[in-house]
Every structure is written in structure tokens, then in C-alpha cells.
Amino acid sequence: MVQAKTFKWTSAGEISTWDIHSQNNALQNGLHAAVYESLVYYNSRTFKVEPLLATSWSLVTPSQMRMSLRKGVKFHDGSDFTADDAVYSLTRAMSKTSNFTPYVTGFDRIVKVDSHTIDIFTKGPNPVLLRQMTELRMMSKAWAEKNNSVEPKDLKNVAQETFANRNAMGTGPFVLKQWVPDQRMVFAKNPSWWGKMEGNVTEIIYTPIRSEATRIAALLTGEVDLVLDPSPSDLTRLRNSPNLTVVDGAENRTIFLGMDQHRDELPGSNVKGKNPLKDLKVRKALYQAIDINTIQRVTMRGLSQPTGALVASQVDGWTEGVNKRFPFSVDEAKSLMNQAGYPNGFEVDFACPNNRYINDEEICQAITAMWAKIGVKAKLRTLPLVTYFPMIQRNEASIYMLGWGVPTFDALYSLQSLTRTVGTGGDGNYNVGRYTNQRMDYIVDRIKTEIDFPVRNRLMTEGLQLSNDTVSHIPLHNQIIPWAMKKNIEVVHRADNRLDWRLIKVN
């Protein structure tokens, strides 16, 4: 008999829902992947796409992919996983209340061929279809219908409650046993899982702990086995501890600021009758007033790569050229403010999460002080991620912080979500500053169906450069992610900062 092994871990964040299509963020998607599986997934060591609930696939035509589904797979309630569930789940991801529209970009319709075969029809050739599908998890159609959860929960509508929001039932290696929001989440090994576990964990307990000091104390006293987000200031102590290991890796996530470029007047600003953030000179001044090297050295303790691009270097479309930042210069920033007609600056709302990215609140406090030097009085407010994301998606922030990982390792994912004019099917789904640029829209729409990879990469680079030139956003840095753990824990560090539940070993 295999000895029962419990793996206990923590990070600052809590998830907002167990509905697999309701909110798209990395912590949540990683947790969901313990319970719900996708048709394909990334190999944790090579990051190549490999079969999961689909066993094979082939293009029938450039816009029709046929997928064969794994036979003998059971949901946690014992029912069979079939083509009906796959068609339902992929179609559900396309619905109005879904936050997973970037992953179904270009999808036209999903058709059942037989009980274990489906066809995915796209509106044109889609060069990143398989990579998009790594985040599209499968839900039981019968379970969703029985529990009134056919459509994803609309996260902007706080009052709406659905069964799938609080409960989970997938095909994955673990079963969700308990979720007490903000306190604990317990998973038990699924005894009838179809796959093969490389790890030896039979129970997972996740405890969200907002306080950095409390998280580290929990690791040092042995209450938890792993901290996903140790504070940069604690790392020297943790690296020197004889009982602990710290594993570092660059994450494919870029932290940046977005700005409301849509409203004619900013709520809460002392500038009346116009919106200063619509002016390129003002956006550039805010950018050039940020001393990113000081933030890297002091706030991040070296755990960041300052960037001028909207994506990290692992992402297709990135070049050294698009990574070049505008130089830090208080004088230049003041001159730009003067030219824009704001010699004395202005007041502006500034919103940041306080438990989502490494030192997010501290970064925003540092930027607030830097902007004060050019007369910009940023009224900083910080919120936990559960309320922060719905708030910015309701367009309630003038300047906001966002971190954007790229699950497809392809710049279309960022350009479409962040810089395409808000539309349907994933266009601008996180463009909450409502930036709009005709040339950008043209570039993004071309990239969606361009299958000549050199041409496609050139277009993506052009889009990233256009974002820089127009200051669609203010890029800050790419995160370097350290994981701190007990010496007896074996995990594989991934560039998307998530654990692969199948590989964890407690020795």
C-alpha cells in the first residue's frame, strides 16, 4: 500500500470561482487544472503540447481540425467523458459571460463526429489553435445542466450565484473535497483517474496567506511545504536555511500599467472637461518619470527584468528592438507635461492589486512617489485580487496595474486582449483602458489567420512596436519567480508559475 502523502502549500492569492470559464487568471487556472482537464496540455519539462483528454488530432482542411478523444475516461461522479462534453465545454468557453474568449479566437463552431471524435471549425487557418486549447478545460454537460450552470458565471455580476461557481466536478487527477474561501482548499487523489501519476501525493491542501511574514513563518515552522511567492526581502534568509530549497525561473508574465484612454473626463480628477490620459505626451511623461532600475534594485531586490515590451522574451514576436524602454528622465517628463498643458500636473485615480503579483502594492507606492516629482498626484487604492479584477473590468480605474502571462507563448494572445479595440470573441477582453488604434486592429486581425510564420512574427513585432510608440500601456518588468520549499519536496518549476499536480513528490 502506498503511504498517504499530503502536500501543503501557500501563496498570497485566493481564487474567485470554481467555474472554469468565469475568470481567466493564472493562479486560478493552475488550481482548476488539478480537477478539470483540457484536451491537450503543456509538458512541464519541454513546454511542448502533448495529448491529455484528446489522443490525436489532424487538419482535415486548414480551418477544420479533427480530434480523437480518449476512451474510458470517467468524471468524478463515475459518468463517461464523451464528445458531447467536449462540444459543450468548448462552446461554453465561447459564450458571452466567458472570460476565456482569447482562447477561442477564430473558433466558428464545434461539431460532434461520433461519441469520441469532434471537429473544431475555425473562421480561417489558426496557427496557435493547439496552444490555445491548453487552457480550455472539460466540464460534464449533464452535471452543468442538472445544476443550472450551463452558462459561465458572470463575474462582473457579483450577485449572480451558480453551482459551478462554488463546486467542481472534472476528470482530473484530484477531486475538490472542500473550499472555504480565504481559508483553505482541500483536494484528494482521484482513485479512478485514467492517467499515470509520477508523483506520490494523495492529498493537497492550499492555504491562501496574504501576509508575507506569516507565509514565510508557516514555511519555516513546517506548517506548509512550499511558498509559491516568497517576498524578495526574505530570499537570502531562505536560501541560507539548511532545511529549505529555493528554485528560481523567469516567468512569461509582464507587469505593466494601463490607462483610461476612453472617457472624456476622468472621475475623481481635478482636470474637468477633458481626459489628460488621452494625450500621448502625458502617457509618455508618466512612463519616463518611472525609475524602473530603482524599482528593480530596491522594491524587487533584483527579482525582475525591466522591459520595454508588452511580452517577455520567451514569446514569439519579441525582439531586442521592441524591448527598448523610453529612458528614465524627470526633466523630459516635466517638459512633456508642460507641452501637454499640465505644468503643475493633475490628480488621478490609481488602482493596484495587493496580493496578485510580487510586491504589487510596494511597486505602486514607489511609482506614486515618482509621479509626485512631476506634479502628478496619484490617489492610490489597493484591493485584493478577488475584488480588483471585476472592478477594472467594469472600467472603474483611471490607471491600473495588470500582469499578463502568455499561455500560448505567442504575442497575439497579448495584443488581441490588451490592444485590440474592444469587440467580440476575445478582442480587447482585457483592454480595460479602451485604447483604440486602427492600424493595431488591422495587425491583430491579420495575425489571427496568418500561417506563414516569418510573416506572422514580423506582424507581431510591428504590433508590439506600435504599442510602444503610442504608449498603449506602460511596461514595467517581467517577473522572476522564486519558489521556496522544504528540502524533501520535488517539483518542476514552470514558466507559467503553476505546479503540475501529477509530478509533485514528498520524500
One pair to check against side-chain hydrogen bond (donor to acceptor under 3.5 Å, both in side chains): D77 and S79. What are the steps and the verdict? CA-CA 6 Å; D77 65 357; S79 60; 2.7 Å; yes
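- Considering CG of L244 and NZ of K486, their distance stands at 9.0 Å, rounded to 0.5 Å.
- Considering all non-hydrogen atoms of both residues, P390 and L385 come closest at CD-O, 4.1 Å.
- Side-chain atoms of T387 come within 3.5 Å of backbone atoms of P384 as a donor-acceptor pair (strictly under, hydrogens ignored).
- Contact check on R356 versus D229 returns no salt bridge, with no Lys/Arg side-chain nitrogen under 4.0 Å from an Asp/Glu carboxylate oxygen.
- Counting only N and O atoms by type, the side chains of S192 and N190 include a donor and acceptor under 3.5 Å apart.
- With 3.5 Å as the limit, one finds no donor-acceptor pair spanning the side chains of D260 and S398.
- Ring geometry, F7 versus W9: the interplanar angle falls under 30°, so the pair is classed parallel (tilted spans 30 to 60°).
- Using cut-offs of 30° and 60° on the angle between ring planes, the pair F75 and F81 is perpendicular.
- Other residues, nucleotides and ligands contribute only 12 or fewer heavy atoms inside 6.0 Å of the NZ atom of K141.
- Residues E362 and T299 have side chains that never bring a donor and an acceptor to within less than 3.5 angstrom of each other.
- Side chain to side chain, Y206 and S11 meet the donor-acceptor criterion of an N or O pair below 3.5 Å.
- Within the cation-pi definition used here (under 6.0 Å to the ring centroid, within 45° of the axis), R70 qualifies as a partner of W194.
- Between F409 and Y42, the distance from one ring center to the other falls under 6.0 angstrom.
- No donor-acceptor contact under 3.5 angstrom links the side chains of T122 and D108, judged on distance only.
- Using modelled atom types, one finds a donor on one side chain and an acceptor on the other under 3.5 Å when comparing D500 with S44.
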